[in-house]
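These notes concern the structure reproduced below.
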Amino acid sequence: MAIKGTDIVKRLPEGGKKNCRECGLPTCFAFAMKLAAGGIAIEKCPYITPEVSRELEDSLAPPIRPVTIGRGANALLVGDETVLYRHEKTFVHQPGIAVLIADDEPAEAVEGKIKKLKELHFSWVGKTLEADLLALQCKSGDPVKFTALVNQVLSAVDCPLMLISENTDALLAAHGLCADKKPLLYPVTAQNLEKVISAVKQNPAVVAVKGAGVESLVHLTNRLKEAGIEDVLLDPGSKDLQSAVRDQTLVRRAALKQGFRALGYPTVAFPCFMTADKRRETLLASIFITRYAAVIVLSDIDEHTLLPLLVQRLNIYTDPRMPMAMEEKVYPINNPDQTSPVLITTNWALTYFIVSSEVGAQDQSLTFRALNAGALEVLPKPRLAAQRGLALGEFEGELVATVRAMSEVPVVRRRRGASTQATIPGRKVSPPARPFRLLAIGASTGGPQVLVQLCAELPPDLRVPVLIVQHMSPGFTAGFARWLAEESRLRVKLAEHGEVPLDGSVYLAPDGFHLRVDADHRLLLGDEAPVGHFRPSVDVLFRSVAENVGAKGIGLLMTGMGSDGADGLLAMRRAGGWTLAQDADSCVVNGMPAAARKLDAVDAFVTPAELPGLLVAATRPR
Ligand code: SF4
């Protein structure tokens with residue numbers, strides 16, 4: 001257990017009353033408190049005796065010593081744990097997964113395991129999951145064979161190594177080949193302890209002590225500490241699952257709860273030696289991930305055994321106070337194409353809840369990211385639809401109609417930012433040579449993307465205001481306005497009752513209100529009955545423009561299901577306005593423009609690519 005500042009101060013010079021300030025702090029008490037918190041080195045006080053310094057260092061050391069196996073970027077740091085249960089705070093250094101290679105395995109098996117260690121990597125929530133080290137075992141008892149294996153591995157892969165041999169000469173010979181990599185040597189027992197100590201004092205390594213039970217480890221670690229060797233792992237020598245869990249828990253509890261320094265080291269576990277059944281071995285490894293092992297040795301790895309263990313390890317060693325979270329955006333998974341399904345998930349920590357309840361109206365950015373990525377339509381979930389006053393039957397009808405319509409939309413590959421088509425071959429559109437005062441646009445399915453494209457290309461000094469009715473499920477229009485504003489150089493807002501529209505500004509009809517212009521060209525919002533199921537209705541907007549703007553109005557009817565806007569566009573044409581409709585090829589659904597064509601309401605069919613140039617030319621001062 002960590003020593004407290006109030007206990008440290010009693011051990012300082014003159015019982016903590018010297019207060020000479022040479023450590024840079026005003027009092028010995030301040031020094032003691034900072035030392036307890038790890039904020040200052042003991043050496044800063046020149047008056048502490050070597051004995052007290054050693055005692056304090058011992059008391060201040062972490063209850064489970066941090067140990068690094070290997071060197072460089074691939075080194076594995078284990079230990080330094082401070083809690084018995086993950087929910088108390090967090091587990092810190094995840095256990096290393098080791099793959100066992102014995103020197104009596106066929107060459108192909110050895111190469112296969114090395115290959116798997118190098119290639120089995122998994123991308124998971126922005127991290128790369130993989131096994132960590134190779135455990136090389138001298139099973140033959142032949143130092144020559146064992147060192148040959150070590151040399152083969154050293155030339156093939158750069159990873160931390162564990163060397164396993166009951167033959168101490170073979171163990172130390174192998175250590176001599178890779179001493180610069182600071183390998184983990186196993187087993188260190190009462191029989192080879194002194195031999196290993198003298199070798200490790202010359203060439204540092206991590207040593208794993210093995211005993212017949214937890215108690216037998218104590219004199220081994222005490223002797224190693226006395227010899228100045230503290231990079232130590234413990235193996236209580238457990239033979240079965242029950243004793244293994246008991247021993248791992250005993251060691252962790254003794255270190256953390258009793259502050260028993262002789263057991264204050266990380267542990268190693270060998271599922272590979274506990275069973276010949278691969279599935280049982282994986283289950284044992286899974287238990288050791290939660291029950292304290294710092295290095296877990298497996299006989300082999302495959303995708304189906306390794307991935308679950310790595311994911312479990314990641315979850316157990318993720319700080320429960322800081323759950324994993326992904327940045328909200330559209331992620332391509334496995335090279336999706338235009339026919340791939342769309343998966344939606346959330347950062348909800350407990351993912352077994354139904355995620356659809358999380359993806360709500362509050363998070364509309366996700367909706368518009370989907371539209372931006374090529375989604376054709378957005379619909380509210382039934383619960384949200386009900387909240388917005390839509391009866392379940394109405395919602396079902398809308399859903400079925402939308403899915404039917406979408407099933408007839410040809411699948412196309414979209415290039416972001418690219419216009420679908422330049423102009424319609426064989427015909428040239430020229431704007432009428434008269435001044436215009438207002439542009440009115442109606443759109444439905446497929447409209448958001450083409451409106452974003454149009455508004456992104458119109459200049460901020462456009463000489464007319466732009467009024468838009470976009471059919472959209474209730475609750476999404478405000479989010480659409482924000483998206484349009486982000487992508488557009490024009491000012492974009494939801495229309496307000498009575499306001500005077502300004503040139504270079506875009507006014508979107510809000511949810512549930514018809515949008516009109518009056519004789520003074522002011523905007524009017526009305527909650528009269530839907531027209532043709534729509535409120536806002538394109539026909540209502542276009543008719544008011546026909547009536548109050550006449551020949552100075554431009555009407556543009558874009559992609560969408562049904563026929564809303566066709567009658568209104570005809571009224572505008574009859575009033576002398578210039579009427580345009582989106583060409584059939586670029587429409588996601590050609591219902592509305594086709595309905596206008598049938599009524600002979602359209603002066604010209606235009607592509608999205610040529611629209612910005614035409615509208616700028618038409619509204620230029622003359
Ligand atoms: Fe106390 Fe040592 Fe600091 Fe002096 S240098 S104030 S004796 S802790």
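Just so you know, ligand 1 is whichever comes first in the structure, and atom 1 is the first atom listed for that ligand.
- Around atom 3 (Fe) of ligand 1, protein N, O or S atoms at less than 2.8 Å comprise Cys23 SG.
- Side-chain atoms of Arg252 come within 3.5 Å of backbone N or O of Val83 as a donor-acceptor pair.
- With Lys182 as reference, Asp231 is the one residue of Asp231, Thr68, Asn203 to meet the side chain to side chain donor-acceptor pair (under 3.5 Å) rule.
- Listed for the Thr318 side chain is a donor-acceptor partner under 3.5 Å among the backbone atoms of Leu314.
- Between Tyr186 and Phe270, the ring planes are tilted. Angles from 30° to 60° get that label.
- Atom CG of residue Leu35 and atom SG of residue Cys28 lie 11.5 Å apart, to the nearest 0.5 angstrom.
- Between Tyr317 atom OH and Arg86 atom CZ the span is 10.0 Å, to the nearest 0.5 Å.
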